[in-house]
Amino acid sequence: MARYDAGAIEPKWQEAWREAGCFTATRDPDKPKYYVLEMFPYPSGNLHIGHVRNYAMGDVVARYKLAKGHAVLHPMGWDAFGLPAENAAMERGVHPGDWTYANIDNMRAQFARLGLTLDWSREFATCDPAYYGQQQAMFIDFLERGLAYRKNAVVNWDPVDMTVLANEQVEDGKGWRSGAPVERRELTQWFFRISDYSDELLSALDMLDDWPDKVKTMQRNWIGRSRGLQFAFGLEGGPDNHDRIEVYTTRPDTLMGASFVGISPDHPLARELEKGDAELAAFCAESRRIGTAEEELERAEKRGYDTGLSVRHPFDTDWRLPVYVANFILMEYGTGAIFGCPAHDPRDLDFARKYDLPVLSTFVPLSGEHRRPEDGGPAYVPPKGETVAYVRGFAGEAEQSGEAAIEAAIRFCEENGVGRGVTKYRLRDWGLSRQRYWGCPIPVVHCEACGVVPEKKENLPVELPRDIDFAAPGNPLDRHPTWRDVPCPSCSAPARRETDTMDTFVDSSWYYARFTSPGAATPTDPEEAAYWMNVDQYIGGVEHAILHLLYSRFFARAMVECGHLPGSAKEPFAALFTQGMVTHEIYLTRDADGRPVYHLPSEVADGRLADGTQVEVVPSAKMSKSKKNVVDPVEIIDRFGADTARWFVLSDSPPERDVEWTDAGAEAAARHLARVHRIAEATRHVPETGKGDDAALRRETHRAVHDVTLGIESFGFNTAVARLYAFAAALSKSEAGRASQVEAARTMAQLMAPMTPHLSEEIWQMLGGEGLCATAPWPHADPGMLVEDELTMPIQINGKRRAEMKVARDAARGDVEAMALASDAVQKALAGGAPKKVIVVPGKIVNVVV
RNA sequence: GCCCGUGUGGCGGAAUGGUAGACGCAGCGGAUUCAAAAUCCGCCGCCGAAAGGCAUGCCGGUUCGAGUCCGGCCACGGGUACCA
């Protein structure tokens with residue numbers, strides 16, 4: 001009997017699929033189309049186990065849809081621009097392009113071993129000039145439509161390395177390489193007008209029925225529509241041209257609780273004042289040392305500087321509020337100025353207590369104990385829908401909800417000429433400029449006479465120069481001897497290229513559309529896009545819930561406007577599944593400066609390095625190359641085969657949940673696949689006539705078909721796998737005749753095929769299946785075979801299970817109740833009395849209340 | 001800090017508001033074997049002699065019935081706009 005030998009059979013069937021060309025996406029008018037896409041990988045150099053999980057899930061869906069008779073598009077490519085390639089260039093002196101393409105070659109070979117249904121004829125990398133040239137063409141379209149523009153924005157600046165730092169490259173306010181304190185610096189940068197689409201991106205979420213609620217909620221909160229009041233405080237004694245401070249508040253009902261006004265260190269007033277106030281200038285400089293990351297800003301100690309100026313309260317010209325410059329207010333949010341209401345905002349309360357500012361409650365709870373903030377209690381922030389009593393109200397009822405009070409306050413203010421009600425969004429425009437080499441060049445030229453001029457489309461792609469120097473700090477494109485020098489596309493005078501490149505999120509915001517026609521001479525081929533879009537099932541990590549998915553939704557809309565996508569593709573991802581991450585422990589030691597040095601799992605044994613150094617262990621962390629906690633799936637494939645790797649990552653954990661990688665379990669998966677092979681093989685040798693449980697086995701088979709199908713359709717891969725374990729056990733114990741057993745084993749192979757395609761082909765062939773298992777139609781469960789004649793019902797007494805009974809499937813409710821009441825357990829509990837209540841849930845349970 | 005999740009045996013987990021712990025791992029016992037590997041069979045939440053009681057992060061609520069719904073906490077994970 002042939003043993004299961006994954007190493008031998010897997011390449012054989014991969015070759016058979018390739019020869020049959022069964023995974024090449026082909027438009028077919030007789031079939032429904034199905035586009036399944038997993039988020040494409042960054043070519044770090046190696047697949048990690050999280051990739052295997054991601055692509056195994058997509059492959060299950062693709063194989064299932066193929067078997068269900070769809071024309072399937074399942075493409076793969078590379079999200080190939082980005083920081084790590086530049087880091088490799090700086091650390092090892094390799095060219096970012098060489099490094100990236102070598103990584104791609106390596107990963108493509110690793111992909112091949114997984115036996116995925118990918119259509120490699122559509123492969124591309126975002127760093128291919130053919131791809132980013134089309135991206136540049138679209139940038140020009142966006143520019144012409146006013147969707148792209150320039151404005152000033154702050155970046156993290158490393159004054160020693162003379163370079164812009166990503167937030168990730170800032171550690172404790174210092175540059176990761178130089179260790180120098182990071183400064184905020186203002187640069188002119190390119191932006192996309194995503195905020196113009198705030199309302200549209202928000203309201204369209206309601207149509208996305210097949211997106212997880214949590215992702216929609218996160219996007220809603222991110223876009224952050226708010227209704228509030230915009231008004232100005234009159235400023236007394238300010239510098240010239242500063243006689244008012246414009247603020248926006250979502251809680252105008254708390255205006256009578258205002259105790260100070262805070263402005264950003266980057267507010268024009270602060271900028272003006274610091275010219276004549278060295279102490280303030282020092283304070284602002286210190287504040288600007290906090291990085292640009294929201295988290296850092298919010299966590300930093302809240303500090304303020306009293307400008308000595310004051311503003312008049314809009315309702316009472318005698319009431320003065322002090323004006324502070326505060327380090328936690330960002331110029332980019334709202335108007336860069338706020339009024340503080342300490343009684344109803346924990347941040348403002350901290351601030352007020354620190355600087356000894358008044359605290360005034362404007363409302364209190366209707367009932368119950370309440371320690372007011374002015375008496376040392378915490379800031380009182382009830383949900384806006386809750387009705388409260390206004391003790392310092394000025395509009396609406398004495399008792400009303402926050403919502404009602406806000407509307408009343410806005411009305412009152414508008415009627416009295418104090419500001420106006422406005423709707424604002426938290427969502428900011430998308431800054432896409434990067435001062436880096438390894439990205440898509442922004443295709444514009446700066447001309448002294450003509451200003452900013454888009455490159456002519458016939459000159460695209462604007463290719464990155466090959467000869468660059470990473471030895472000196474800063475952006476290599478800036479320092480390149482000739483690359484910047486071009487004639488102006490408009491007047492032909494000598495001019496300079498833009499040296500900013502695009503955020504890599506731009507690359508990943510439209511790749512799904514490019515897959516529909518990867519070779520087209522325009523960004524998309526309208527006919528192909530119309531056929532294949534939208535992505536029917538998108539699968540990827542939940543860490544992309546906001547940025548990537550929101551940017552893609554914006555980009556699809558912009559592409560529709562420019563004619564690159566049909567109007568029906570505004571929402572490019574019809575269904576979304578966010579898989580959990582595969583996590584793994586991180587091992588680290590500290591260098592002389594206390595900075596972490598990471599170690600591979602293979603370098604660590606029993607919590608120590610080879611030289612005996614104790615390592616720190618961070619449990620359950622996201623896998624990342626930089627943290628060196630990546631698990632190598634190639635090792636597992638070498639030992640057990642791809643089917644085992646696939647089976648293993650799909651079993652046990654629910655797909656949406658994080659899973660901590662452990663070595664235990666892979667062997668169990670391999671053992672089970674060998675067992676399945678043995679069971680299938682054995683069915684050929686059982687007697688033609690069995691001991692008469694053919695019907696039972698057939699019922700079991702149909703039940704398995706039903707359950708596994710449901711599992712796959714609902715992304716319950718772990719339960720589908722569990723069901724297949726049970727089916728294998730049932731088949732191995734069956735004493736049915738040969739024909740029934742062979743039939744059952746072949747069906748088992750088909751049901752397993754989305755997860756373990758190679759093994760399934762092997763069994764399919766062994767048991768005389770027609771053609772390839774991969775293209776065989778999915779089995780159908782006969783509903784008549786799924787029901788039992790008799791079932792076991794539990795009997796509860798006062799909600800606790802006390803007994804059970806067997807009843808006919810179609811037993812009448814009254815009969816069931818009578819049987820339950822007659823049972824020993826119930827008789828004993830009743831002790832001759834009558835039950836208070838009897839609840840019968842047909843087919844489920846009986847509960848007797850005594 | 002803010003937004004969003006998650007929390008069930010020794011471990012991964014199962015369970016349309018209806019028998020908590022399916023299935024797998026580990027462990028224990030047995031069969032087979034000269035022996036081992038492999039394979040097969042069985043046991044396996046905690047306390048208790050039993051009856052029974054206790055158990056789904058913690059506290060409270062709704063319900064005939066709560067792992068599941070609601071409120072408040074705690075812990076962990078993701079995101080936080082220049083990591084991808």
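Both backbone and side-chain heavy atoms feed into the values below; hydrogens, waters and symmetry mates do not. All chains are named by letter (A, B, ...) in the order of the sequence lines, taking the proteins before the strands, and each is independently numbered beginning at 1.
- Residue Phe328(A) is out of contact with every strand shown, counting any heavy-atom pair closer than 4.0 Å.
- Gly541(A) comes within 4.0 angstrom of no nucleic acid atom, judged by non-hydrogen atoms across all strands.
- Atom P of G67(B) sits at a distance of 10 Å from the matching atom of A55(B), rounded to the whole Å.
- Side-chain N/O atoms of Asn718(A) include one lying less than 4.0 angstrom from OP1 or OP2 on A14(B).
- In this structure, Tyr132(A) has its ring center closer than 6.0 angstrom to the ring center of Phe81(A).
- Comparing C58(B) with A50(B), their C1' atoms sit 33 Å apart, to the nearest whole Å.
- Taking the P atom of each, G65(B) and A14(B) are spaced 27 Å apart, rounded to whole Å.
- At the phosphate of U80(B), neither OP1 nor OP2 sits under 4.0 Å from any side-chain N or O atom of Arg428(A).
- For G18(B), the OP1/OP2 oxygens have no side-chain nitrogen or oxygen of Asn847(A) closer than 4.0 Å.
- OP1 or OP2 of G7(B) sits under 4.0 Å from a side-chain N or O of Arg657(A).
- If you check distances only, the side chain of Glu294(A) does reach the base of G1(B) with a donor-acceptor pair under 3.5 Å.
- The pair Glu656(A)-Arg53(A) does not meet the salt-bridge criterion, since no charged nitrogen lies less than 4.0 angstrom from a carboxylate oxygen.
- Of the candidates Leu432(A), Asn152(A), Val155(A), Gln189(A) forms a side-chain contact (heavy atoms from CB on, under 4.5 Å) with just one, namely Val155(A).
- No donor-acceptor contact under 3.5 angstrom links the side chains of Thr163(A) and Asp158(A), judged on distance only.
- Within the 4.0 angstrom heavy-atom criterion, no nucleotide atom of any strand lies near His672(A).
- Regarding contacts with the backbone of A14(B), every side-chain N or O of Thr719(A) stays at 4.0 angstrom or more from both OP1 and OP2.
- Using a 4.0 Å heavy-atom criterion, one finds that Ser508(A) contacts no nucleic acid atom at all.
- No contact: Glu667(A) has no heavy atom under 4.0 Å from any strand.
- A sub-4.0 Å separation between OP1 or OP2 of A26(B) and a side-chain N or O of Arg671(A) is present.
- Within the 4.0 angstrom heavy-atom criterion, base atoms lie near Trp222(A).
- Among the atoms of the strands shown, none is found under 4.0 Å from any heavy atom of Val838(A).
- Put simply, the side chain of Glu295(A) and the base of C2(B) share no donor and acceptor less than 3.5 Å apart.
- A 3.5 Å limit on both hydrogen-bonding distances identifies G79(B) as the Watson-Crick or G-U partner of C2(B).
- Under 4.0 angstrom from either OP1 or OP2 of G13(B) there lies at least one side-chain N or O belonging to Ser653(A).
- Between Phe717(A) and Phe715(A), the gap from one ring centroid to the other is short of 6.0 Å.
- Contacts of Pro41(A) with the nucleic acid, taken as non-hydrogen atoms under 4.0 Å apart, are absent.
- Across the C1' atoms, C40(B) and G45(B) are found 27 Å apart, a figure rounded to whole Å.
- Classified by its glycosidic torsion, G13(B) falls in the anti category, the angle being over 90° from 0.
- Using cut-offs of 30° and 60° for the angle between ring planes, the Phe192(A) and Trp430(A) rings count as perpendicular.
- In this structure, Val841(A) reaches the bases: a heavy-atom distance under 4.0 Å links it to at least one base atom across the strands shown.
- Spacing of C1' atoms, A26(B) relative to C44(B), comes out at 11 Å, to the nearest Å.
- By the 4.5 Å heavy-atom criterion applied to side chains, Leu208(A) and Val215(A) are not counted as neighbours.
- The pairing partner recorded for C40(B) is G30(B), the criterion being a Watson-Crick or G-U wobble arrangement whose two distances lie under 3.5 angstrom.
- No hydrogens or angles were tested; on distance alone, a donor-acceptor pair under 3.5 Å links the side chain of Gln189(A) to the base of C82(B).
- Look at CD1 on Ile329(A): it is 20 Å from P on G1(B), rounded to the nearest Å.
- Phosphate proximity of A81(B) to Asn167(A): present, with a side-chain N or O under 4.0 Å from OP1 or OP2.
- Nucleic acid contact class of Thr217(A) (heavy atoms, under 4.0 Å, all strands): sugar-phosphate only.
- At the phosphate of G65(B), neither OP1 nor OP2 sits under 4.0 Å from any side-chain N or O atom of Arg802(A).
- Of the P atoms belonging to U19(B) and A81(B), the separation is 46 Å, rounded to the nearest Å.
- Residue side chain Arg436(A) reaches the base of C82(B) through a donor-acceptor N/O pair under 3.5 Å, judged by distance alone.
- Between Tyr725(A) and His672(A), the two ring planes are tilted [angle within 30° to 60°].
- Among the atoms of the strands shown, only primed sugar atoms or phosphate atoms (P, OP1, OP2) are found under 4.0 Å from some heavy atom of Lys733(A).
- Counting any heavy atom pair closer than 4.0 Å across all strands shown, Lys837(A) reaches sugar-phosphate atoms only and no base atom.
- Ala545(A) comes within 4.0 angstrom of nothing in the nucleic acid, heavy atoms only.
- With C1' as the reference atom, G24(B) and C74(B) are 31 Å apart, rounded to whole Å.
- Across all strands, Leu83(A) comes closer than 4.0 Å only to sugar-phosphate atoms, never to a base (heavy-atom distances).
- Separating the P atom of A37(B) from that of C46(B) is a span of 27 Å, rounded to the nearest Å.
- For U19(B), neither phosphate oxygen OP1 nor OP2 lies less than 4.0 angstrom from any side-chain nitrogen or oxygen of Arg801(A).
- Checking G45(B) for Watson-Crick or G-U wobble geometry (two distances, each under 3.5 Å) identifies C54(B) as its partner.
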